[in-house]
Amino acid sequence: MPPIRDKFTIHSKAVVCQDVELKGDITIGSGTIIHPKATIFAIAGPIVIGSGCIIEEGAVIVNRKKEIMRIGDDNLFEIGSRIECPSIGDFNTVSTRARVHHTVSIGSYCVIGAACLLVPTEDEILPDYTVVYGPSAERRAWSGRGKVQEADLRRKHADYLKETLPKFNRLRRGDGT
């Protein structure tokens, strides 16, 4: 296998800490915030991260497929989560220590609960407004109540991080450095 060529396209309004481990062809959208010690590996194909996403410490995003891995806007990947799915919609939350396998595609407004392991044997599409919870990855539908408040809270969280992270961390620019 040929070595992975690094190519980073980081939007000027994105906040990406220097301590982030980036490998491969990665595009990071406007307003996206990536905490220190996060890992993003585009092993086989490129990764495109939308705008307004928050990727916390220890989160790992990996693309093992040749197709483009598309991550929508305003997603939250919490501490220690691992994501390998080929497509993710908008306004999703992958909670602390949750794992999502490469056979899953996530719609929009989904929540993967803390420490949930989502590893189906066949390809699966998680429909919009799905909540995955518990040790056996049970599922239920969310009514969508409170999504406006959730979006406002996430925006405030992002504003706080945009102000705080540059004070205590060096930032990475889009030239591959």
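Thr27 OG1 to Arg70 CZ: the interatomic distance, rounded to the nearest 0.5 Å, is 9.5 Å. Considering CG of Leu76 and OG of Ser81, their distance stands at 8.0 Å, rounded to 0.5 Å. Rounding to the nearest 0.5 angstrom, the gap separating the CD atom in Glu67 from the OG atom in Ser87 is 10.5 Å. Interatomic distance, Ile83 CD1 to Leu118 CG, rounded to the nearest 0.5 Å: 11.0 Å. The CD atom of Glu21 sits 9.0 Å away from atom NZ of Lys37, with the distance rounded to the nearest 0.5 Å. Separation of atoms CG (Asp123) and NE2 (His102) is listed at 7.5 Å; rounding is to 0.5 Å.
Counting heavy atoms from C-beta outward, Ile47 and Ile28 have side chains that stay 4.5 Å or more apart. With contacts defined as side-chain heavy-atom distances shorter than 4.5 Å, the pair Met69/Pro86 does not qualify. Proximity of Val15 to Leu171: side-chain heavy atoms (C-beta onward) are separated by under 4.5 Å at one or more points. In this structure, the side chains of Pro166 and Asn169 stay at 4.5 Å or more apart for every pair of heavy atoms.
In this structure, Glu78 contributes its side chain and Thr96 its backbone to a donor-acceptor pair below 3.5 Å. A donor-acceptor pair under 3.5 Å is formed between the side chain of Ser143 and the backbone N or O of Arg145. No donor-acceptor distance shorter than 3.5 angstrom exists from the side chain of Thr103 to the backbone of Thr121, with no hydrogens or angles considered. A donor-acceptor distance shorter than 3.5 angstrom exists from the side chain of Ser108 to the backbone of Asp90, with no hydrogens or angles considered. Remark: the backbone N or O of Gly24 is paired with a side-chain donor or acceptor of Asp6 at under 3.5 angstrom.
The nearest pair of heavy atoms linking Ile125 to Pro127 is O-CD, 3.3 Å. Pairing each heavy atom of Val132 with each of Cys116, the nearest pair is O-SG, 3.8 Å. Ala38 and Glu56 make their closest contact through CB-O, 3.7 Å (heavy atoms, listed as atom of the first residue, atom of the second, distance). What you find for Gly29 and Ala14 is that their closest heavy atoms are O-CB, 3.5 Å.
Between Tyr109 and Trp142, the angle of the ring planes lies from 30° to 60°, which puts this pair in the tilted group.
Within 6.0 Å of CZ in Arg139 there are more than 12 heavy atoms belonging to other residues, nucleotides or ligands. Few gaps surround NZ on Lys162; more than 12 heavy atoms of other groups in view lie less than 6.0 Å from it. When the shell of 6.0 Å around CZ of Arg97 is examined, it contains 12 or fewer heavy atoms from other residues, nucleotides or ligands.
Grouping the Ile, Leu, Val, Met, Phe, Trp and Tyr side chains by contacts below 4.5 angstrom, directly or via other members, places Ile49 apart from Ile33. Connection of Val111 to Val104 is not established within any shared hydrophobic cluster, with ILVMFWY side chains joined at heavy-atom distances below 4.5 Å, either directly or through further cluster members. When the side chains of ILVMFWY residues are joined at heavy-atom separations under 4.5 Å, either directly or via intervening members, Ile54 and Ile71 end up in two distinct hydrophobic clusters.
Relative to the ring axis of Phe91, Lys147 does not place its NZ or CZ within 45° and under 6.0 Å from the centre. Annotation: cation-pi pair Arg172/Phe8 present, NZ/CZ under 6.0 Å from the ring centroid and within 45° of its normal.
A side-chain donor-acceptor contact under 3.5 Å links His35 and Glu57. Using a 3.5 Å distance cut-off with no hydrogens or angles, the side chains of Thr130 and Arg140 do not pair a donor with an acceptor.
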Subject >> His101 vs Leu117, side chain to side chain contact (heavy atoms under 4.5 Å, CB included): CA-CA, chis, key distance, verdict >> reply: CA-CA 8 Å; His101 199 250; Leu117 184 60; over 6 Å; no
**OP:** Start with the C-alpha gap between Ile112 and Ser95, add the side-chain angles, then the distance that decides, and say whether side chain to side chain contact (heavy atoms under 4.5 Å, CB included) holds.
**Re:** CA-CA 6 Å; Ile112 313 298; Ser95 298; 5.8 Å; no
Original post:
Are Ile43 and Asn63 close enough, and set up right, to give a side chain to side chain contact (heavy atoms under 4.5 Å, CB included), and what steps lead you there?
Top reply: CA-CA 6 Å; Ile43 295 173; Asn63 185 9; over 6 Å; no
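Contact check on Glu150 versus Arg155 returns no salt bridge, with no Lys/Arg side-chain nitrogen under 4.0 Å from an Asp/Glu carboxylate oxygen.
In summary, of the residues considered (Asp128, Asn75, Asp73, Asp74), a side chain to side chain donor-acceptor pair (under 3.5 Å) with Asn92 occurs for Asn75 alone.
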